[in-house]
Amino acid sequence: MQLTIDEDDRIVDIRGDKDNPITRGYACFKGLQAEEAHHGASRLLHPLKRNAAGDFERISSEQALDEIAARLDTLIQQHGPDAVGVYFGNGSIFNSTAVTMQAHFLDALGSRSRFTSYTIDQSAKTLSFERLGGWAGGNLQLDQSDVVMLIGTNPLLSHGLLGFLASDPTKRLKEAKARGLKLIIIDPRKTETAHHADLLVQPMPGQDAAIIAGVIRLILDEGWEDKAFCARYVGAASMAELRLALEPFDEQSVEQRARLASGDLRKIAELFARDSTQGCAYTGTGPSMAPHSNLMQHMVDCLNVVCGRFTRPGDQVLSVDMMTPPREFRAEVIPPSRASWLAPPSRIRGSSSIAGEKPTATLADEILTPGPGQVKCLISCGGNLANLMPDQQKMARAFEALHLRISIDPYMSNSARLADYIIPPTMQYERADLPVSAYGFAFFPESWVAYSPALLNPPKDSDLIEEWYFFWALAKRLGKTIRFGETELDMRVPPTTDQLLAMRAQHPLAPLEEIKKTPSGKVFHDAGNIVLPPRPEATATFDVMPEDVAQELHELAAQASSVQGHESNGQQFTHLLSSRRMRNFYNTIGMHLPTTRKRNPYNPAYLNPEDMAAYGLENGNRIEIVSDHARITAIVEADAAVRTGVVSMAHAWGGLPGENVDLATHGASTNMLISTDRDVEPINAMPRMSAIPVNIVVIEKSATPSAITGILS
Ligand SMILES: Nc1nc2c(c(=O)[nH]1)N[C@H]1C(S)=C(S)[C@@H](COP(=O)(O)OP(=O)(O)OC[C@H]3O[C@@H](n4cnc5c(=O)[nH]c(N)nc54)[C@H](O)[C@@H]3O)O[C@H]1N2
Ligand SMILES: Nc1nc2c(c(=O)[nH]1)N[C@H]1C(S)=C(S)[C@@H](COP(=O)(O)OP(=O)(O)OC[C@H]3O[C@@H](n4cnc5c(=O)[nH]c(N)nc54)[C@H](O)[C@@H]3O)O[C@H]1N2
Ligand SMILES: [Mo]
């Protein structure tokens, strides 16, 4: 970004940086709100502590740290280190010093109570990688693809297809289409991205595992798979097991259960496998939040395997993570590790830990369930689980049960409102940073890295700390030593942010001093990565149909849905509620900015006009949405892009459970409708957050919607 800053350290203009090779000057609406985000009246500028009367009063940050450390010390002595839990959410997940420090803080304490937004997002991807195996040759980029299939992701709005269509997505997609790229979209809603599709298929949500199973079956029956790749990297016996398990997923029964038009499945298989040679299928949050998400991801990854959609020896790896040490890219299978299956089961519903993290959907139960490991203190950094956690009612009880609640947040979020201490941090342009990086994953379409310096001083008379400092300063007070990556930190004198960033910059071509030389960031074309042939000893193959996957497919086939309605826990429902995101917010980020809120005062329940008519509804009318768990009131809006039978509605709205907030200015929370006790996936405990069976109860019909349209215009 390019900022114009006045002499009072205030942003007066902000725009995309045309010299940045990744964004090429593109910036989204949310990023352009930085002026209000940094200088607006809703920002918290001092730490707050809840007093005996239950009100917040100011406290200095060092005093707050002293008091919190004393409370933690007692809790750890009484209950052990697992009593201290951290939830690390989206407000902080891209802060490269904080994300590392919080993890090493928990290491230093010896606490296993680590939770992040990842496990309530798309952890199915990790599980599928562990069951099926992965590819050591690096990812195909858009420029290397002649087809792309997007299943339940809307990157032109969400920028959520990381590493692929995240930065400047619309132009990148248009350029690829002009080159001849074919785009297939599977989504119950004709999304912004779907306007560019060559083939759009609009099934009921929650049917993707069956749809892709059917597509693979068709491909195998027609012989459109990559036979040489399958022979070398899967094996004949495994291919036969795969085909056998797919037997129930014939075209007709899949199209019927997903409510697709006859011939849709064949069109997908033809365009993806028969008429194209390179390019993958990708998934997003839609299907990863619907039932059978782990199976769904396995089937999608399996589709890419049987079609051999991977880099080959001699191909260039266009995107390398320039913050992690270099590695070789080889045309080999990374064998299935089953790490999450082998990890000791959690005490909650036998779920596992995923990459060392406990599933976030089990956090409320980890707080409410007595016994060893019970979480008594929750440090929430950049998270807002009072809104974002499915089964919001249970999460509210969990907040109440906690002995100590800390929110590191620049705003009075619903979670911060429940805290004992609120610690507001310095924000984006007040601290130095590097791009997001996680080992082995390239988040950008090219081998790019950039350093962004602290450009603003924090507001005058404020008392703000950097997020990493909170964790370092607590560890120091508790007498613990933090290892930051490979480096043991001096616990007497705090490091500088730049020192920490230098420790994060681990690629020999891109040490921090080198990165700093190019303010818009640098693409390392000389990272020199050509995919190498496999080593002779690398004989691992993809495990396309392990026993548990076959069993899950078998169970899925047995659940052929009735054409009439949707059954859930013994009750019948007419519609399925489908997840989606809103353009101007990032979950609850942006909710505290009055100009953004004025544009979107609430989250509508979008219905197809045919469904609206069937219920006699007009825009602005109120309905009740009833699930097998709870009921919420929502305001309807017609959207022809949504298929019939579906309610498409964003999460992250509404007040706290029991609070009587005005629907027209606060919206409604879909997380009230979701149970985390049942209908959860094994291993990662993902709740049913999309394809939720619901009924619609009209409570206000064709009333004049003037009050509401008034706000909208
Ligand atoms: N503007 C904006 N951008 C965001 C966010 C935001 O809140 N607002 N959130 C950020 C976050 S946290 C994330 S994880 C990413 C997510 O990025 P995406 O995964 O791209 O998220 P969505 O835009 O919600 O797209 C999900 C799509 O799935 C569809 N869908 C719902 N259920 C199903 C289903 O069962 N099957 C299929 N096939 N489709 C289904 C929905 O109609 C929707 O179009 O976006 C990030 N970016
Ligand atoms: N029903 C339903 N539930 C969902 C989802 C869904 O699609 N449907 N999506 C899920 C997904 S994909 C995700 S990722 C989670 C997200 O869940 P969370 O990460 O808990 O939610 P966010 O709203 O992104 O929380 C961001 C918080 O960070 C604060 N913040 C903003 N800037 C900063 C900063 O610079 N520093 C700090 N410390 N804080 C900051 C904001 O004020 C806000 O309170 O929600 C999940 N929950
Ligand atoms: Mo997310």
Side-chain angles (χ1 to χ4, degrees), residues 28-30 37 44 87-95 98 116-118 120-122 150-162 165-166 185-194 201-208 211 258 282-293 296 360-361 380-390 392 407-416 423-428 430-431 467 470 576-592 641-643 646 648-652 669-674 687 689-692:
C28 76
F29 174 87
K30 305 181 292 312
L44 303 172
Y87 171 68
F88 206 75
N90 271 280
S92 299
I93 212 106
F94 299 110
N95 175 336
T116 71
S117 46
Y118 177 62
I120 193 82
D121 191 329
Q122 293 160 73
L150 302 181
I151 305 165
T153 174
N154 184 15
L156 296 204
L157 180 141
S158 70
H159 311 77
L161 201 56
L162 299 177
L165 264 180
I185 296 215
I186 302 181
D187 198 302
R189 178 174 165 257
K190 184 177 181 186
T191 59
E192 290 71 6
T193 314
V201 164
Q202 285 183 267
M204 291 301 279
Q207 294 294 336
D208 305 277
I211 292 170
Y282 299 88
T283 62
T285 48
S288 90
M289 293 185 178
H292 314 291
S293 47
M296 174 284 301
T360 288
S380 167
C381 187
N384 189 8
L385 287 180
N387 259 111
L388 274 301
M389 181 72 106
Q392 224 185 333
S407 258
I408 305 175
D409 205 298
Y411 300 104
M412 191 57 89
S413 70
N414 276 338
S415 304
I423 311 290
T426 50
M427 284 182 71
Q428 185 174 14
E430 296 158 354
R431 54 179 179 76
E467 285 158 56
F470 175 85
L576 293 180
L577 189 139
S578 167
S579 70
R580 59 163 296 160
R581 276 159 170 72
M582 287 173 78
R583 182 179 291 283
N584 297 338
F585 303 91
Y586 192 109
N587 303 315
T588 59
I589 303 177
M591 292 276 166
H592 302 278
V642 177
R643 67 151 294 149
V646 167
S648 173
M649 193 170 173
H651 59 293
S669 172
T670 57
N671 272 328
M672 298 282 284
L673 298 171
I674 302 165
M689 297 150 79
S690 191
I692 310 165

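Start at 1 and go down the list; that is how both ligands and their atoms are numbered.
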**Prompt:** Hey, which atoms in ligand 1 end up nearer than 4.0 Å to a heavy atom of Asp208?
**Reply:** 34 (C), 35 (O), 36 (N), 37 (C), 38 (N)
**Complete:** Thr191 heavy atoms within 4.0 Å reach ligand 1 at atoms 44 (O)
**Complete:** Taking only non-hydrogen atoms of Leu157 and a 4.0 Å limit, the atoms of ligand 1 in range are 1 (N), 3 (N)
**Message:** Let me confirm one number: the CG-OG distance from Asn414 to Ser407, rounded to the nearest 0.5 Å.
**Reply:** 10.5 Å
**Message:** The criterion is side-chain contact (heavy atoms from CB on, under 4.5 Å); which residues satisfy it with His159, sequence neighbours excluded?
**Reply:** Tyr26, Cys28, Lys30, Pro169
**Request:** Output the distance between atom CG (Asn95) and atom CD1 (Ile408), rounded to the nearest 0.5 Å.
**Result:** 10.5 Å
**Message:** Nearest 0.5 Å, please: how far is CD1 in Ile120 from CG in Asn671?
**Reply:** 8.0 Å
**Asked** Around ligand 2, what residues show up once you keep those with a heavy atom under 4.0 Å from it?
**Response** Tyr87, Gly89, Asn90, Gly91, Ser92, Ser117, Ile120, Asp121, Met289, Gly382, Gly383, Asn384, Leu388, Ile408, Asp409, Pro410, Tyr411, Ser413, Pro425, Glu467, Arg581, Asn587, Thr588, Ile589, His651, Thr670, Asn671, Ile674, Met689
**Asked** For the atom pair CZ (Arg643) and CE (Met204), what is the distance rounded to the nearest 0.5 Å?
**Response** 5.5 Å
**Asked** From Glu467 CD over to Met427 CE, what is the distance, rounded to the nearest 0.5 angstrom?
**Response** 9.5 Å
**Asked** Under a heavy-atom criterion of less than 4.0 Å, does Lys30 contact ligand 1?
**Response** yes
**Between Asn387 and Thr588: side-chain donor-acceptor atoms closer than 3.5 Å** = no
**Message:** I'd like to check which ligand 1 atoms, numbered from 1 as shown, lie under 4.0 Å from a non-hydrogen atom of Ile151.
**Reply:** 38 (N)
**Nearest heavy atoms of Thr283 and Leu161, plus distance in Å** = O-CD1, 4.1 Å
**Item:** Under-4.0 Å heavy-atom contact with ligand 1, by part of Met582 that carries it
**Value:** backbone
**Those atoms of ligand 1 less than 4.0 Å from some heavy atom in Arg583** = 1 (N)
**Item:** N or O pair under 3.5 Å between Pro155 and ligand 1
**Value:** no
**Message:** If the cut-off is 4.0 Å to any non-hydrogen atom of Arg189, which atoms of ligand 1 fall inside it?
**Reply:** 42 (O)
**Complete:** Within 4.0 Å of some non-hydrogen atom of Ala290, the atoms of ligand 1 are 35 (O)
**Complete:** To the nearest 0.5 Å, atom CD of Glu192 lies from atom CG of Asn154 at 4.5 Å
**Prompt:** What atoms in ligand 1 come closer than 4.0 Å to a heavy atom of Pro188?
**Reply:** 30 (N), 37 (C), 39 (N), 40 (C)
**Asked** Do the side chain of Thr360 and the main chain of Ser117 share a donor and acceptor less than 3.5 angstrom apart?
**Response** no
**Request:** Check whether any side-chain heavy atom of Asp121 sits under 4.5 Å from a side-chain heavy atom of Thr285, and report yes or no.
**Result:** yes
